[in-house]
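Please find one structure pasted underneath; my questions will follow.
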Number of protein chains: 4
Amino acid sequence: MLARVSSAPTFRRLPRAVREQQMLDAAVKVFSRRGFHAASMDEIAEDAGISKPMVYAYLGTKEELFVACLHREGTRMMHAIAGAAAPDLPADVRLWRGLRAFFGFVGAHRDGWAVLYRQARGEQPFAGELAAMRARLVEVVAGMLDHALRTEGRQVGETDLEVVAYALVGATESLADWLADHPEADPEKTATRMMNVAWQGAAQLLHGETWRPPAV
Amino acid sequence: MLARVSSAPTFRRLPRAVREQQMLDAAVKVFSRRGFHAASMDEIAEDAGISKPMVYAYLGTKEELFVACLHREGTRMMHAIAGAAAPDLPADVRLWRGLRAFFGFVGAHRDGWAVLYRQARGEQPFAGELAAMRARLVEVVAGMLDHALRTEGRQVGETDLEVVAYALVGATESLADWLADHPEADPEKTATRMMNVAWQGAAQLLHGETWRPPAV
Amino acid sequence: MLARVSSAPTFRRLPRAVREQQMLDAAVKVFSRRGFHAASMDEIAEDAGISKPMVYAYLGTKEELFVACLHREGTRMMHAIAGAAAPDLPADVRLWRGLRAFFGFVGAHRDGWAVLYRQARGEQPFAGELAAMRARLVEVVAGMLDHALRTEGRQVGETDLEVVAYALVGATESLADWLADHPEADPEKTATRMMNVAWQGAAQLLHGETWRPPAV
Amino acid sequence: MLARVSSAPTFRRLPRAVREQQMLDAAVKVFSRRGFHAASMDEIAEDAGISKPMVYAYLGTKEELFVACLHREGTRMMHAIAGAAAPDLPADVRLWRGLRAFFGFVGAHRDGWAVLYRQARGEQPFAGELAAMRARLVEVVAGMLDHALRTEGRQVGETDLEVVAYALVGATESLADWLADHPEADPEKTATRMMNVAWQGAAQLLHGETWRPPAV
DNA sequence: TATGAATGAGGCTTCATTCAT
DNA sequence: AATGAATGAAGCCTCATTCAT
């Protein structure tokens, strides 16, 4: 009987950290392609090249897995932004760099982050995770606006600030969606457009030029 | 477990149109509360006080039912807006009235429209339906901007227009979400805030004050 | 083309009440044969000649199904006993008739009740249901003892009564197990034996002949 | 989800006998708390502070492990009883001491033996093991009764003896259950009560006072 | 000796959808 | 017109058990 030739390095039995990343890669891919509900744990496991029980052992429930995806991708995005927009720069520069980094990230992960994020908005169980992420963003943006306002010697109610920040974040998310749907679009150009809308609008507010509803 | 329920003495043999509205009411309610996937045809039928086969006979598949909901609620909203913002008014007045009507509608259907809409964004099968609705909105907004621009003797590339309109619509949707989540918030005030962001930003654009990325 | 001959009465589409009994019959059979855990819903459904979803629709979870079995069989047994031991008879006659009815029932359902009951004692989720049933029995027995004692002009502490009743019930259950495992054994004879142990022991107690631990 | 735990700095490389006892301790604990099926090898291994393959290497299959638990605890109990009830004592003294030792043991291992035993009664695979243990007990009790009968110059059929012994053992088990469920109860008092029921009842039988079913 | 990595198999449960009355 | 009865299909999750280091 011929000796069994040792098979080429098939890379079985990898350490946990590696497998976890493989799983998350697969999960992001499948969740993005199919959506949370239509995605099946079977497909994710198969795509990760591993058996289902391992996915459960390492990353838990389908929901927990989705949250883990959100977490990893969200953290990556946050890092990309934070690395670009240092807190000691002037507000407009920070905003611009932040936006550019954001759209750059989204553009580079067109089938990862943006789609994932879009899925999450509609599914109740992820409200918490998402709210936290968006809250961090809103807070940052509101902080920038507030800082700029104070520099101009002005001040605005907290709710006003929050709502405006919310609108800006919403507009940005909306453009991110748009970008994800238009593979040929240029992230930087999109960032510029958003900057135009955002900054010009905000600039007016900063200068006290408030629009008021006409007397009906 | 299917409980044995004594059938309620409801009115049988209603005309089809009435029954359909009852079903849609129930469907909107259940879809909003549970989300598309978590909603079950059983619950919808029960909530409508009717048997499942009737739902299928009248409104088809679960997906078709959801689309029907989207359709009815979307149409109602469009009517509300269109009725408020006559096309012969000046752009700013139209925008204001449109926004006010929109947020008024969302505020009045906090658990209907906004939630439904949010659900739909994440589910692939409804991309088409939603894209159509948003496209109509974007088109209207872009038209308003374009009209105003031309009045000023200026003109902007089509993509630019679309993207800005997209941003405005996105910001508005975002605030609609916020409104849906804050039952105590005042729709009119929210509309005012949105108007501030939108109009001030747009106004700058209209006057040619474009922000440009700094030379890196 | 030949007309399709109407198939012989295959008895599809039976009313709910009938199907429920069929399911319970199958469930009792399978649970008894395999034990709660080893029993599979698949086998139960197949044995009942129906699809699994119907079982869930009518009788709920596996646990709920088991409880339903316990309930039905327990109730039947209680009826058998109650019908035999009228409350206006003297205590010894009641006890005798009750025991005879009990062992008769167990003997007639050797693969139903006794086995089911035995399964239930070990599984945590059914503690409640079982405790309730046994409590009813213990209460009845204790009542009989108490009644007899009072007739003799004597009285015993409540805990004493409960514990003695518990012991009698335990002995009875034990013999029921024995009977279930010995298909050839005669229920009536077993009842007589149990009566001997129980009544003679109780009789002594009734006459105040208490055993006391010797001085160590 | 398998949490990433830094391995505790336990003592490695213990002698086999020690490790086995650790495992059995853990197994008894987990089986008692969860029941045979709900107990997982994972939890047992973790509770024993050891990896799963070791459990399999030392004690085999889950079933074998359970049997090993039953064995160890049962043997301990038997020793406790045997040590207390020397075979050369009079029957009543033996019975009393045996019962006292038994309930003392159960009381001292409320969450070990009694619960384990209760689990085992319902699970088919352990019928054999349990039957053996109970048979030994029944035999001992029957022997005592027989011995006492012969002392009185009387004799009873073997089945009669077995059944009566079975009833006594059943009553005792039942009270053991009761004791396990009532942490505040006093084992010695429980033993006294059982002795009353058992001995009084048996005593009558020994004296030939047999109860007979009335001619119906 | 000791363990982290890995999986085959199988069970429970749910749901959209349709049939027969 | 209307519904109770019925199911095929599929998904999540868990677990006992073993391999390779």
Side-chain angles (χ1 to χ4, degrees), chain A residues 12-20 37-45 49-58 60-65, chain B residues 1-2 4-5 7 10 12-16 19 37-45 50-58 60-65, chain C residues 12-20 37-45 49-58 60-65, chain D residues 1-2 4-5 7 10 12-16 19 37-45 50-58 60-65:
Chain A
R12 294 284 155 86
R13 241 151 249 256
L14 297 179
R16 174 169 183 156
V18 176
R19 274 279 136 89
E20 276 184 350
H37 271 102
S40 85
M41 293 299 269
D42 277 279
E43 186 178 358
I44 292 172
I50 210 155
S51 72
K52 241 187 317 175
M54 284 306 293
V55 180
Y56 281 90
Y58 283 174
T61 297
K62 191 183 183 187
E63 260 182 37
E64 289 169 331
L65 176 57
Chain B
M1 165 166 46
L2 214 63
R4 223 187 287 237
V5 194
S7 60
T10 29
R12 297 283 160 84
R13 310 252 165 194
L14 294 180
R16 172 163 187 152
R19 273 276 144 88
H37 271 102
S40 80
M41 294 299 268
D42 277 278
E43 186 177 357
I44 292 173
I50 215 159
S51 73
K52 257 189 301 179
M54 288 304 295
V55 181
Y56 280 89
Y58 280 3
T61 294
K62 189 185 183 186
E63 266 184 30
E64 291 167 336
L65 176 56
Chain C
R12 294 282 153 89
R13 256 176 233 233
L14 297 179
R16 174 169 184 155
V18 176
R19 274 277 135 90
E20 276 185 349
H37 271 101
S40 85
M41 294 298 268
D42 277 278
E43 186 178 357
I44 291 174
I50 210 156
S51 72
K52 246 188 311 175
M54 284 307 293
V55 181
Y56 281 90
Y58 283 175
T61 298
K62 191 184 182 186
E63 260 181 38
E64 289 169 332
L65 176 57
Chain D
M1 166 168 44
L2 212 64
R4 221 187 290 236
V5 195
S7 60
T10 27
R12 296 286 158 82
R13 311 253 162 193
L14 293 179
R16 172 162 187 148
R19 273 276 144 89
H37 271 103
S40 80
M41 294 299 269
D42 277 276
E43 187 177 356
I44 291 173
I50 215 159
S51 72
K52 255 188 303 178
M54 288 304 295
V55 180
Y56 279 90
Y58 280 3
T61 294
K62 190 185 182 185
E63 263 182 34
E64 291 167 336
L65 177 56

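Hydrogens, waters and symmetry mates are skipped; everything else that's a heavy atom, side chains included, is used. Sequence lines set the chain letters: A, B, ... in the order given, protein chains first and strands last, and positions in each chain run from 1.
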Interatomic distance, C/Ile50 CD1 vs F/dG8 P [rounded to whole Å]
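Rounded to whole Å, this separation is 11 Å.
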Out of F/dA2, F/dA6, E/dA6, which nucleotide sits closest to the side chain of B/Met54?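 Nucleotide nearest to B/Met54's side chain: F/dA2.
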Worksheet entry | Nearest-0.5 Å distance, OH of residue B/Tyr56 to OG1 of residue B/Thr61 |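 B/Tyr56 OH to B/Thr61 OG1: 7.0 Å, rounded to 0.5 Å.
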- Query: Roughly how far, to the nearest 0.5 Å, is NZ of C/Lys62 from CD1 of C/Ile44?
  - Reply: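 Reported value, rounded in 0.5 Å steps: 7.0 Å.
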Could you check how far CG of B/Leu2 sits from P of F/dT7, rounded to whole Å?
->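 So the CG-P distance, B/Leu2 to F/dT7, works out to 15 Å.
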Heavy-atom pair of closest approach, residues A/Arg16 and D/Leu2
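Smallest interatomic distance, heavy atoms only, reads NH2-O, 2.8 Å.
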- Query: Is the shortest side-chain N/O distance from B/Tyr58 to OP1 or OP2 of F/dA1 below 4.0 Å?
  - Reply: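 Looking at the OP1 and OP2 atoms of F/dA1, neither is under 4.0 Å from any side-chain N or O of B/Tyr58.
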To the nearest angstrom, how far is B/Glu64 atom CD from E/dA16 atom P?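 Result: 14 Å.
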- Quick one: CE on C/Met54 to CG on C/Leu14, what's the gap to the nearest 0.5 Å?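 Going from the CE atom of C/Met54 to the CG atom of C/Leu14 covers 9.5 Å.
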Contact string for nucleotides 14-21 of chain F, one letter per nucleotide 5' to 3', B = base within protein heavy-atom range under 4.0 Å, S = sugar-phosphate only, - = neither, reads BBSBBBS-
Q: Taking all non-hydrogen atoms of both residues into account, name the closest pair between D/Ile50 and D/Arg19 and its distance.
A: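 Heavy atoms only, the tightest pair is CD1-CD, 2.7 Å.
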Rounded to whole angstroms, how far apart are CD1 on C/Ile44 and P on E/dC12?
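After rounding, the gap between these two atoms is 8 Å.
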Query raised in the report: So, for C/Ala45 and C/Ser51, which heavy atoms are closest and what is the spacing to 0.1 Å?
Result: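 Looking at all heavy atoms of both residues, the closest pair is CB-C, 4.0 Å.
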Discussion item. Is the phosphate of E/dA2 approached by D/Arg19 (side-chain N or O, under 4.0 Å from OP1 or OP2)?
Written reply: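 Answer is yes, contact under 4.0 Å.
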Next on the checklist: Run through DNA chain E and report every stem of 3 or more consecutive Watson-Crick or G-U pairs, distances under 3.5 Å, ordered by first number.
Outcome noted: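 When the pairs of DNA chain E are grouped into runs of at least three, the stems are E:2-21 with F:2-21.
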Spacing between C/Arg16 atom CZ and F/dA6 atom C1', to the nearest angstrom:
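Going from C/Arg16 (CZ) to F/dA6 (C1'), I get 13 Å.
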